[in-house]
There are 2 protein chains.
Amino acid sequence: MKAEAAERRFVRFLKSKKQRVTRQRLEVLRLSWETHEHFTAEGMLTWARKLDQTVSRATVYRSLALLVEGGFLSVLERGKESSLYEHSLGHAHHDHMVCLSCETIIEFQCEAIEELQRLEAKKRSFNLVDHSLTLEGYCSQCKNPAR
Amino acid sequence: MKAEAAERRFVRFLKSKKQRVTRQRLEVLRLSWETHEHFTAEGMLTWARKLDQTVSRATVYRSLALLVEGGFLSVLERGKESSLYEHSLGHAHHDHMVCLSCETIIEFQCEAIEELQRLEAKKRSFNLVDHSLTLEGYCSQCKNPAR
DNA sequence: ATGCCTGCAAAAGATTTGCACGTCG
DNA sequence: CGACGTGCAAATCTTTTGCAGGCAT
């Protein structure tokens with residue numbers, strides 16, 4: 001999805017929730033569309049501050065949460081490490097492989113896995129909303145069988 | 001695996017790492033074998049303190065990390081929420097479905113998914129060490145399509 | 001002996017919250 | 001206007017760490 005489309009959709013999303021369209025919220029949305037990398041809340045704060053000295057950390061967190069709720073961003077939780085965000089609408093869904101050595105993130109898609117997940121959920125009358133799958137190991141660069 | 005077997009294996013594990021077999025470490029191991037539920041570090045601390053007033057939080061965390069490293073426990077990371085542990089050796093590997101409403105955790109196994117993960121990893125020359133798959137949604141009790 | 005462990009308390013790090021003020025609708 | 005959003009700083013919460021003394025080997 002293009003940035004402008006995302007923006008229009010975000011405005012609609014906010015209105016539907018009776019929330020206000022503010023400069024800060026739009027800014028976070030726009031910035032998240034400007035990279036194709038994963039980013040942290042702190043990273044977003046740094047970018048936002050380049051445009052507007054006064055944006056606060058709290059607002060960045062609050063906006064990111066809103067964007068996730070609306071499905072504009074998806075989150076990759078990393079235990080105690082800070083979460084990584086990426087814009088998601090219009091991106092095909094994918095999962096991640098994370099290198100335990102160099103931290104590189106490889107994205108992959110596998111429809112067969114998704115299908116099996118839906119099947120397992122259905123078996124248990126579980127109303128599947130979302131899922132997160134992360135494979136941990138060593139990328140081809142690091143191939144480090146030690147641990 | 002029985003508790004005694006786990007204990008023997010843990011002692012061997014510690015010795016192999018030239019680490020000491022201490023009362024606190026054994027206690028954490030034993031307690032983790034006494035429940036078949038998932039537990040938090042804080043929960044473990046509470047249990048341990050019933051037996052020994054002086055066990056410290058730091059030691060519980062350090063022991064849990066050791067047990068995870070040795071493969072005695074597995075962890076379910078929950079974003080900002082505290083991690084959940086469960087004894088794993090001798091338990092077949094499984095993944096989790098977490099109810100967004102009542103927090104119930106349903107365990108499931110699917111060898112076909114595991115196989116596909118190995119396949120995807122191999123495709124990318126990724127040396128797979130571990131993985132975590134969590135399905136989020138609503139359990140049959142809560143079936144709450146809203147969100 | 002002696003070096004790994006432990007308890008304690010303080011530190012860390014990410015994220016959240018309370019509050020007074022600003023601003024969108 | 002009036003409610004909702006924002007910035008700021010302080011608070012939270014989980015987990016980690018530094019250090020002095022204790023205990024396993």
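Chain naming here is simple, since letters A, B, ... match the order of the sequence lines and numbering starts at 1 in each.
- Side-chain contact between Leu51(A) and Leu31(A): present, with at least one pair of heavy atoms (C-beta onward) separated by less than 4.5 Å.
- dC8(D) atom P lies 11 Å from atom CD of Gln53(A), rounded to whole Å.
- Between Ser83(B) and dT14(D) there is no side-chain N or O to OP1 or OP2 distance below 4.0 Å.
- In this structure the side chain of Leu14(A) reaches within 4.5 angstrom of the side chain of Arg25(A), judged on heavy atoms.
- The nearest whole Å value for the distance from the CZ atom in Arg49(B) to the C1' atom in dC8(C) is 10 Å.
- The side-chain heavy atoms of Leu76(A) and Ile105(A), taken from C-beta on, include a pair separated by under 4.5 Å.
- Between Ile113(A) and Leu116(A), the closest side-chain pair of non-hydrogen atoms is not below 4.5 Å.
- Residues of residues 11-45 of chain A that place a heavy atom closer than 4.0 Å to DNA chain D, in numerical order, are Gln19(A), Arg20(A), Thr22(A), Gln24(A), Arg25(A).
- Glu114(B) has its side chain out of reach of Gln109(B): every pair of non-hydrogen atoms, C-beta onward, lies at least 4.5 Å apart.
- Contacts of residues 58-68 of chain B with DNA chain C (heavy atom under 4.0 Å): Ala58(B), Thr59(B), Arg62(B).
- Applying side-chain contact (heavy atoms from CB on, under 4.5 Å) to Arg118(A) and the options Glu120(A), Lys122(A), Glu115(A) leaves one that passes, Glu115(A).
- For Asp52(A) and dG7(D), the CG to P distance is 7 Å, given to the nearest whole Å.
- Rounded to whole Å, atom C1' of dT15(C) lies 15 Å from atom CD of Glu81(A).
- The side-chain hydrogen bond (donor to acceptor under 3.5 Å, both in side chains) test with Glu7(A) is passed by exactly one of Arg12(A), Arg30(A), Lys2(A): Arg30(A).
- Between Leu133(A) and Phe108(A), some side-chain heavy-atom pair lies under the 4.5 Å cut-off.
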